[in-house]
Each structure stands twice: as structure tokens, then as C-alpha cells.
Amino acid sequence: MGIGPKKFANIVRFQHAIQLRKSGLDYFDIMAGCHFSDQAHFTHDFKRLAGCSPEQFFRETLQPELAAQYNEIKADSPVSHTMYQ
């Protein structure tokens, strides 16, 4: 895959956090569901992967641009799974 297992696990956890938020859960439930030890670790990891805080990510117009970036699939690719929804 070109990345290490730790980084891959962090990306999967980031995606899971996004899905949980979009399903209506609050940040404390997301932190528990994604096994973050506290809010600081959640915010730090989220900022590292998204480039902004979770609140900014879900509040601003930044989100559609990130969705397009994460969902970019080549036309000739047989993959139909999207990383971000």
C-alpha cells in the first residue's frame, strides 16, 4: 500500500470518526467509539489528517473539497469503494 500499518490505522480511524459524526454522534461519543484517550489526542490526530480542527472541518465549506479529494477514483479503476462520505 505504500504506507506503514500505524499510518493506515490512523487513516481508518479518521474515516470512522467522520462517519460517526455524519451519523449524528457528538464528539465525546466519537472519541469513545474510535478509542481516543482524550479530546487533545482526537483533535491532534484530526488536524494532522484533515488540516483543520474537527469543528472547522464539519462547519465550513472545506468539507466538499476534502470529499472530492478523498473520493477521487480513476475512471479505469475497478474500485467502487469511496474512502470518505
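These numbers come from the heavy atoms of this one structure, side chains and all, not from hydrogens, waters or symmetry mates.
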Mind jotting down which residue pairs meet the salt bridge (Lys or Arg N to Asp or Glu O under 4.0 Å) criterion with at least one end in residues 30-45? Sequence neighbours excluded, please.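 For residues 30-45: Arg13-Asp45, Asp45-Arg48.
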
Could you tell me which non-hydrogen atom of Asp26 sits nearest to which non-hydrogen atom of Arg21, and how far apart they are?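 Closest heavy-atom pair between Asp26 and Arg21: CA-NH1, 3.7 Å.
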
Partner residues of Ser53 under the side-chain hydrogen bond (donor to acceptor under 3.5 Å, both in side chains) criterion, sequence neighbours left out: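 Checked Ser53 against side-chain hydrogen bond (donor to acceptor under 3.5 Å, both in side chains); matches are Gln56.
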
Would you please name every residue forming a side-chain hydrogen bond (donor to acceptor under 3.5 Å, both in side chains) with Ser37, sequence neighbours left out?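 Result, side-chain hydrogen bond (donor to acceptor under 3.5 Å, both in side chains) vs Ser37: His41.
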
For the residue pair Phe58 and Tyr27, does the interplanar ring angle fall in the parallel (under 30°), tilted (30 to 60°) or perpendicular (over 60°) class?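 Ring orientation, 0 to 90° scale: tilted.
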
Distance in Å, [X] [atom1] paired with [Y] [atom2], rounded so as to fall on 0.5 Å steps:
X: Phe46; Y: Asn10; atom1: CZ; atom2: CG; result: 13.0 Å
X: Gln19; Y: Leu25; atom1: CD; atom2: CG; result: 11.5 Å
X: His44; Y: Leu49; atom1: NE2; atom2: CG; result: 10.0 Å

Find out whether Leu20 and Asp29 are in side-chain contact, i.e. whether some heavy atom of one side chain is under 4.5 Å from a heavy atom of the other.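 Of all side-chain heavy-atom pairs linking Asp29 with Leu20, none is under 4.5 Å.
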
Do Cys34 and Phe42 have side-chain heavy atoms sitting under 4.5 Å apart?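 No, too far: nothing below the 4.5 Å cut-off.
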
